[in-house]
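Working notes, structure below.
Note that the structure is predicted; figures quoted are calculated from it, not measured.
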Amino acid sequence: MKFPLGGVRGERAANKGGTALTVQSIFLPEAIHRYMLGVSLREAPVQAKLRAETATLAEAHYQIAPEEGQILAFLVETTGARRTLDIGTFTGYSALTVALSLPADGRVVSFDVNEQWTALARAAWAEAGVADRIDLRIGPALDGLDTLLADGGSEGFDFAFIDADKENYAAYYERCLRLVRRGGLIAVDNTLWRGRVADPEDRKEKTEAIRAFNAARLDDQRVALCMLPVGDGVTLLRRR
């Protein structure tokens, strides 16, 4: 059985090949999505500019929806987070959004392997005046997280956002669970994977990885759990 993608007619980005790419909450009808953004989205001009620049890339679909970014900002502000992790920088929207929500002494440690994408990120962070709050580390995120642990970083972070290669989600999560303090939060992107996780005919590696990650969290008593149909599905986990 194939599942429709829901409210995908709303905000889109055209990549260089002309393909329409969704950068909104795909399970919301278009009219409701527009209304929600109209009455609730608070986005700085530099954030909107970065989204527009990202929309020109062939990989624009990697961009999180602005309403998902606003959830991250809300969580960071309400929990008083100061040290955060950003696994999968891309063009820097999530790191920028979190950094803007941190106090002046707050820090984001962000991981990515792509210098081209992160060049856009660095420019946006500088324009927003938060470059000094973001520690970008180029290289495999698993290696970077292991380095943090080896350097005594256990329980040294308040918040983590995971949005990188799906096959490594479980490995990223286990490391974040050690790095985030008790009571800290982990947010995981793409956990509904355009509805493909609910399609038994989809046996692709990425789908299977997300499906397995989701199933394992249901019985994971180390965390409190909440899955939201925002963006492409975001799961929130609070370390107990």
Side-chain angles (χ1 to χ4, degrees), residues 21-23 26 50-51 54 57-66 68-69 71-72 75-76 81 83-99 107-122 124-125 134-149 153 157-180 184-194 196-197 204-217 220 223 227-228 230-237 239:
L21 302 169
T22 305
V23 288
I26 66 175
L50 178 58
R51 285 200 298 119
T54 302
L57 301 178
E59 303 84 3
H61 56 290
Y62 294 167
Q63 174 69 60
I64 66 171
E68 182 177 351
I71 287 177
L72 303 184
L75 293 172
V76 166
R83 297 198 68 204
T84 74
L85 295 166
D86 182 61
I87 301 167
T89 311
F90 188 38
T91 59
Y93 187 87
S94 57
L96 171 62
T97 300
V98 168
R107 293 293 180 270
V108 181
V109 179
S110 190
F111 299 96
D112 207 290
V113 296
N114 190 298
E115 293 274 11
Q116 180 181 359
W117 296 339
T118 54
L120 289 174
R122 291 181 189 275
W125 300 339
I134 303 173
D135 177 4
L136 176 61
R137 304 190 182 188
I138 300 296
L142 286 178
D143 293 346
L145 295 170
D146 285 340
T147 296
L148 289 176
L149 287 166
F157 292 85
D158 307 298
F159 179 82
F161 180 53
I162 300 174
D163 183 19
D165 52 306
K166 312 313 169 190
E167 297 86 345
N168 277 318
Y169 263 25
Y172 294 142
Y173 170 74
E174 289 299 331
R175 286 160 174 78
C176 286
L177 201 60
R178 295 170 60 192
L179 287 162
V180 169
L185 296 177
I186 301 171
V188 185
D189 195 29
N190 302 117
T191 51
L192 289 176
W193 200 230
R194 294 177 176 264
R196 295 174 185 137
V197 287
K204 293 179 181 177
E205 187 176 5
K206 293 181 188 295
T207 305
E208 292 280 40
I210 297 173
R211 191 179 283 138
F213 176 83
N214 290 340
R217 299 292 72 74
D220 189 349
V223 292
M227 180 184 282
L228 302 175
V230 176
D232 189 25
V234 58
T235 295
L236 306 179
L237 305 121
R239 185 185 169 198

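Expressed to the nearest 0.5 Å, how far OG1 of Thr84 lies from CG of Leu185 amounts to 11.5 Å. The CG atom of Asp158 lies 8.5 Å from the CZ atom of Arg83; values are rounded to the nearest 0.5 Å.
Counting heavy atoms from C-beta on, the side chains of Leu57 and Tyr62 never come closer than 4.5 Å. Residues Arg211 and Asn214 form no side-chain contact, since every pair of their non-hydrogen atoms from C-beta on lies 4.5 Å or further apart. For the pair Ile26/Arg194, a side-chain contact is recorded, criterion being any heavy-atom separation below 4.5 Å from C-beta on. Proximity of Ile134 to Thr89: side-chain heavy atoms (C-beta onward) are nowhere separated by under 4.5 Å. Side-chain atoms of Ile186 and Val223, non-hydrogen and from C-beta on, never get closer than 4.5 Å to each other. The closest side-chain heavy-atom distance from Ile64 to Asp189 is below 4.5 Å.
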Could you check Thr235 against Tyr169 for side chain to side chain contact (heavy atoms under 4.5 Å, CB included), going step by step and ending with a plain yes or no? CA-CA 12 Å; Thr235 295; Tyr169 263 25; over 6 Å; no
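Asp165 and Tyr172 share a donor-acceptor pair across their side chains, judged by distance under 3.5 Å alone. Under the 3.5 Å distance criterion, with hydrogens and angles disregarded, no donor-acceptor pair is assigned to the side chains of Tyr93 and Asp163.
When each of Phe111, Phe161, Trp117 is tested with Phe90 by the rule ring-ring contact (aromatic ring centres under 6.0 Å, His included), just one qualifies, namely Trp117.
At least one donor-acceptor pair under 3.5 Å links the side chain of Trp125 to the backbone N or O of Gly92. Judged by distance alone, with hydrogens and angles left aside, the side-chain atoms of Arg239 form a donor-acceptor pair with the main-chain N or O of Val180 at under 3.5 Å.
When all heavy atoms of Glu68 and Asp232 are compared, the closest pair comes out as OE1-N, 4.5 Å. The minimum heavy-atom distance between Val197 and Leu192, with the atom names listed, is CG2-O, 3.4 Å. A pairwise comparison of heavy atoms in Ala95 and Ser110 identifies CB-OG, 4.3 Å as the closest pair.
Counting only residues at least two apart or in different chains, salt bridge (charged side-chain N to carboxylate O under 4.0 Å, His left out) contacts with residues 168-179 comprise Asp146-Arg175, Glu174-Arg222.
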